[in-house]
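Notes follow the structure.
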Amino acid sequence: VMAMRHSRFVTWSGAVAALVVMTVLSTAVGHVAPLIIPGSRIYTHYAAAGLFLLFGVRMLREGFHADSGASDELEEVELELAKKQEQGEDGEDE
């Protein structure tokens, strides 16, 4: 939807900037978390493994239970594109 309202460069720049920010944040948290939690690095190791497993199972369950049809967002975008196409055809007649 963002690509429909903004230029390709702005859309690409936003996506790359988000990727950079998320990478820096996750790296910082991954480096600092073992230092903050008292005890050993073993706790953060098992916590990370558990969270990875938890979110992996959740994503697999969502994928298996998802509808195989088009999503609501896709239908919304198709409607907007059809409206724009109709407006473009109406503007050509004038």
Side-chain angles (χ1 to χ4, degrees):
V1 175
M2 185 176 165
M4 291 174 53
R5 295 187 181 141
H6 302 288
S7 70
R8 290 180 187 170
F9 181 72
V10 171
T11 304
W12 179 80
S13 298
V16 169
L19 177 63
V20 168
V21 168
M22 288 302 296
T23 301
V24 169
L25 284 174
S26 62
T27 303
V29 169
H31 181 70
V32 172
L35 302 175
I36 293 175
I37 297 175
S40 176
R41 295 179 78 169
I42 196 81
Y43 295 126
T44 55
H45 174 75
Y46 285 119
L51 288 172
F52 185 79
L53 181 65
L54 174 74
F55 286 112
V57 168
R58 273 188 62 195
M59 287 179 65
L60 286 173
R61 288 185 67 209
E62 286 177 12
F64 286 129
H65 298 297
D67 295 333
S68 60
S71 68
D72 294 335
E73 291 178 16
L74 179 60
E75 292 173 9
E76 181 182 332
V77 169
E78 288 175 346
L79 286 173
E80 286 185 29
L81 287 174
K83 284 181 187 178
K84 283 187 178 188
Q85 205 170 33
E86 287 175 6
Q87 289 175 354
E89 290 173 2
D90 292 342
E92 291 174 5
D93 293 341
E94 293 177 4

Checking Tyr46 now: which residues fulfil side chain to side chain contact (heavy atoms under 4.5 Å, CB included) with it, not counting sequence neighbours?
Ile42

Any residue meeting salt bridge (charged side-chain N to carboxylate O under 4.0 Å, His left out) with Arg58, in chain and number order, not counting sequence neighbours
Glu62

Could you pull out every donor-acceptor pair under 3.5 Å between side chains of residues 23-38 and any protein atom, sequence neighbours left out?
residue, atom, partner, partner atom, Å
Thr23, OG1, Leu19, O, 2.8
Ser26, OG, Met22, O, 3.0
Ser26, OG, Thr23, O, 3.0
Thr27, OG1, Thr23, O, 2.7

Taking all atoms of both residues into account, what is the closest heavy-atom pair of Arg61 and His65, and its distance?
O-CD2, 2.9 Å

Whichever hydrophobic residues join Leu60 through chains of side-chain contacts under 4.5 Å:
Phe64

Which residues end up grouped with Val57 if you chain together Ile, Leu, Val, Met, Phe, Trp and Tyr wherever their side-chain heavy atoms are less than 4.5 Å apart?
Leu53

